[in-house]
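Only heavy atoms go into these numbers, but all of them, side chains included; no hydrogens, no water, no symmetry mates. Chain A is the first sequence line, chain B the second, and so forth, proteins listed ahead of strands; every chain is numbered from 1.
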Number of protein chains: 4
Amino acid sequence: MRAAVTGRPGRIRSSAARHAILEATRDELAQRGYDKFSVERVASAAGVGKQTVYRWYPSKSALVADCILLGYLRTPGIETPDTGDVRRDITGWAQTFAEISTQPEAVAIALAGTAASAEDSNVAARYHEQIVALTESALSDRLQQGERAGQLKAGVPARTVAETIVGALLYRLLTRQPLTTEFVEELMVVVFDGIQS
Amino acid sequence: MRAAVTGRPGRIRSSAARHAILEATRDELAQRGYDKFSVERVASAAGVGKQTVYRWYPSKSALVADCILLGYLRTPGIETPDTGDVRRDITGWAQTFAEISTQPEAVAIALAGTAASAEDSNVAARYHEQIVALTESALSDRLQQGERAGQLKAGVPARTVAETIVGALLYRLLTRQPLTTEFVEELMVVVFDGIQS
Amino acid sequence: MRAAVTGRPGRIRSSAARHAILEATRDELAQRGYDKFSVERVASAAGVGKQTVYRWYPSKSALVADCILLGYLRTPGIETPDTGDVRRDITGWAQTFAEISTQPEAVAIALAGTAASAEDSNVAARYHEQIVALTESALSDRLQQGERAGQLKAGVPARTVAETIVGALLYRLLTRQPLTTEFVEELMVVVFDGIQS
Amino acid sequence: MRAAVTGRPGRIRSSAARHAILEATRDELAQRGYDKFSVERVASAAGVGKQTVYRWYPSKSALVADCILLGYLRTPGIETPDTGDVRRDITGWAQTFAEISTQPEAVAIALAGTAASAEDSNVAARYHEQIVALTESALSDRLQQGERAGQLKAGVPARTVAETIVGALLYRLLTRQPLTTEFVEELMVVVFDGIQS
DNA sequence: AGCTAAACGAGACGGTACGTCCCGTCTTCAT
DNA sequence: ATGAAGACGGGACGTACCGTCTCGTTTAGCT
């Protein structure tokens, strides 16, 4: 990235190597999970010396954190539509999320990120920023639009709503319960309509 | 428990040893987390041979699972009050949960359980049953009472509501955000009143 | 020792069990050597509880020692002929020993005894008594007969001669060199004729 | 020594570590014997990781073998004098050997080598080469000189004579009998003069 | 073009922990 | 009240990785 800006002599750090490391990290997390994750295997799979990994990252958790931050673990198709109808938009987003979660690898990645977050607060911060905060902000935008458009009540921060939705979905993944269409619809009823008569 | 009921010869497995193992496991999880958890340290702290641990549990995650299942990691004060007013009851429960989560050790235990669940689906199932499902069922009872009492809408399963609440709270712990009174109140507004105007 | 005298239950089996243990010990030594020897395997092979082994023998080396003392490891055919000609008798005995040492199992047993002797001086004492001292005394008898018959010089104890012969043969086994007919003959020349011209 | 000659990448194996391992091995053998020998203790005493030991040696016996081969267990003062009188030379050598064997540590080392040889034929080969074959060849030289000088009979290979002497001495150590001056003298009588009248 | 030096692949290093095997002891059930 | 079965606390095994430290080689910037 910063390549060739310094006046120092010496070989510049290979961004190709870094990329290979991050891809291998993603694969390792998807296949074996955070706990059985091995830097040695990552280096080997990336065709890279172990020291090259440690040149970039001070520890296993920093590597995982960066892998998440740079979006190598990003679940694709996370974009929220914008039809003007907030409830439809958010329901659509949640259903897309549910569909993606039928892919075992996507679940594995999400669980690896969850485990990494539970272990390490730095990872948690980045995981939150990257995967969830982005989602939240997309939802927030939509929710705030809705609020301005008179579709939603004022008084509850969009962030809290977003965390409620994301938390519920992540909890279903964590407990290995399927994210069915019915569940998503029920969640939407709770969040939009409330449960009180 | 089963002591002296079997017709099998051989010394019976020492439940005292098992208890010591589980207590040491709980302490280890609270102090060092799931990732840095060491069976060797557990055995040593329990005053037990390593083989005795492996006689009871085939793996680290099974040990953690049983530790959770048997309630060694149970957060105390999980009981829901029953004042007749569902919203007050559940809000009270959530506030209690939030208060407990100011103790670092309680958070450590919850995060250890989360990490263990992310790694191992058996643990997830047991974690869900023990810690969360109980909570859910307490909430469910209250919610169903409320429903019968005309305080709540019909049409959304109590389980979904419970998972939404628990998911949101756990998500805050995972992302290391404080469980403030404000957050809990906002969550209650979302869940009971909904956000749609 | 006290074997099978009382009429009370359970005791009758004692000597049978002991015999089974010693046979299993012999087999274990022949198959895996002294170093990889396992009391657990012996007990299992003998169809006996581990405690039964330890009732008679305080340790692994004591078991091996007794196994040797009771002749379970005795190389068969160790008898010395008595033709009246000492040199012929002893040469015959040594050649028989050499023949027996073509059986891998017999070598294994001898090496196990050697290893056990090197490790444990109690075993060494018994090994010496049982296997070697007997041989020595047989040789001694013959040598003393020979001395009386004027076939041999006086002045060197029979024991020293016996130890020289046994030591040389054992050394060949230890260094995995074959006990050929030629070697035995050369040894006999050394011992009977000396090397000085 | 070979340092930086290989074209292979990677840090070169530390001969300092190897040396420390071998010294610790020697000490461990002298103090606790072959049977109670522990690789873990050796690594610890050498200030070395266990894997470094296993990088050099595939097994305990290979380690002991190399320890012997490289002379770490060599009994000092093994040189044979050369006075022109073969009998005096060899008698002197044997007496020196006997004196050395009054040191318990030297005996422990010899017994450890014997045990290791009994367990493992590779060790036996190396033990034989290093400790005994050298002795043999020194004796052989002297014996052959003597033969040429007309002091000795022809017809018996020097090797057989050497093995007879070494075997007898080793056998006394193995059976924990003292190597007295008398015994050595008697042995010399047997070997040089023979026992036949 | 030659020099310098950082980054590279490779892999050994001192450690920690793994999960297994066995030691010698202790306890239970069945005979 | 003996004996098989087998769990117990403990110690060591040989393996896998951790994060660090050399190695010889490659590749850049600076003379």
Side-chain angles (χ1 to χ4, degrees), chain A residues 3-4 6-14 16-17 36-41 43-44 46-60, chain B residues 3-14 16-17 36-41 43-44 46-60, chain C residues 6 8-14 17 36-41 43-44 46-55 57-60, chain D residues 3-14 16-17 36-41 43-44 46-56 58-60:
Chain A
T6 60
R8 277 180 298 109
R11 186 172 176 174
I12 63 169
R13 294 202 349 219
S14 158
K36 291 172 192 162
F37 181 92
S38 151
V39 173
E40 224 147 56
R41 255 195 309 274
S44 170
V48 142
K50 212 167 24 152
Q51 187 63 229
T52 299
V53 177
Y54 283 101
R55 219 186 312 279
W56 288 97
Y57 304 107
S59 69
K60 162 180 160 174
Chain B
V5 180
T6 60
R8 228 161 18 84
R11 184 173 175 173
I12 63 166
R13 308 240 293 258
S14 159
K36 291 173 193 162
F37 181 92
S38 151
V39 174
E40 221 148 56
R41 254 193 311 274
S44 171
V48 143
K50 209 168 19 157
Q51 188 67 69
T52 299
V53 177
Y54 284 103
R55 203 171 284 119
W56 285 98
Y57 303 107
S59 67
K60 162 179 160 175
Chain C
T6 64
R8 263 170 287 148
R11 295 184 89 168
I12 304 284
R13 260 190 71 75
S14 296
K36 291 172 191 164
F37 181 90
S38 150
V39 174
E40 224 145 58
R41 256 194 309 274
S44 171
V48 140
K50 214 166 28 152
Q51 191 61 60
T52 301
V53 177
Y54 282 102
R55 218 181 316 277
Y57 305 107
S59 69
K60 160 180 161 173
Chain D
V5 180
T6 59
R8 225 165 17 85
R11 184 172 175 173
I12 62 167
R13 308 241 294 258
S14 158
K36 290 172 193 162
F37 180 92
S38 150
V39 174
E40 221 148 55
R41 252 192 314 274
S44 170
V48 142
K50 211 171 13 159
Q51 188 67 206
T52 298
V53 178
Y54 284 104
R55 203 171 285 120
W56 287 98
S59 67
K60 163 179 160 174

Using the closest heavy atom to pick a nucleotide of DNA chain E for each, name whichever of C:Arg41 or B:Phe37 lands nearer the 5' end.
B:Phe37
List the residues meeting side chain to side chain contact (heavy atoms under 4.5 Å, CB included) with C:Tyr54, not counting sequence neighbours, and say none if there are none.
C:Val39, C:Lys50, C:Gln51
Tell me every residue that passes side chain to side chain donor-acceptor pair (under 3.5 Å) with D:Ser38, counting only those two or more places apart in sequence or in another chain.
none
Whole-Å gap separating P (F:dA12) and OH (D:Tyr54):
12 Å
Separation of E:dC21 C1' from C:Lys60 NZ (nearest whole Å):
13 Å
So, is C:Ser38 close to the E:dC23 phosphate, meaning a side-chain N or O under 4.0 Å from OP1 or OP2?
yes
Atom pair distance, as rounded to whole Å: NZ in A:Lys36 and C1' in E:dC18:
13 Å
Could you tell me which residues satisfy side chain to side chain contact (heavy atoms under 4.5 Å, CB included) with B:Ala17, sequence neighbours excluded, listed by chain and number?
B:Ser14, B:Val48, B:Thr52
Results of side chain to side chain contact (heavy atoms under 4.5 Å, CB included) for D:Ser44 - residues two or more places apart only:
none
Give me, pair by pair, the N or O atoms of the protein and of nucleotides 6-10 of chain F that are less than 3.5 Å apart, along with how far apart they are.
residue: F:dA7; atom: O4'; partner: B:Arg11; partner atom: O; Å: 3.2
residue: F:dC8; atom: OP1; partner: B:Ser14; partner atom: N; Å: 2.9
residue: F:dC8; atom: OP2; partner: B:Arg55; partner atom: NH1; Å: 2.5
residue: F:dG9; atom: OP2; partner: B:Gly49; partner atom: N; Å: 3.3
residue: F:dG9; atom: OP2; partner: B:Thr52; partner atom: OG1; Å: 2.8

State which residues pass salt bridge (charged side-chain N to carboxylate O under 4.0 Å, His left out) with A:Arg55; sequence neighbours excluded, sorted by chain then number.
none
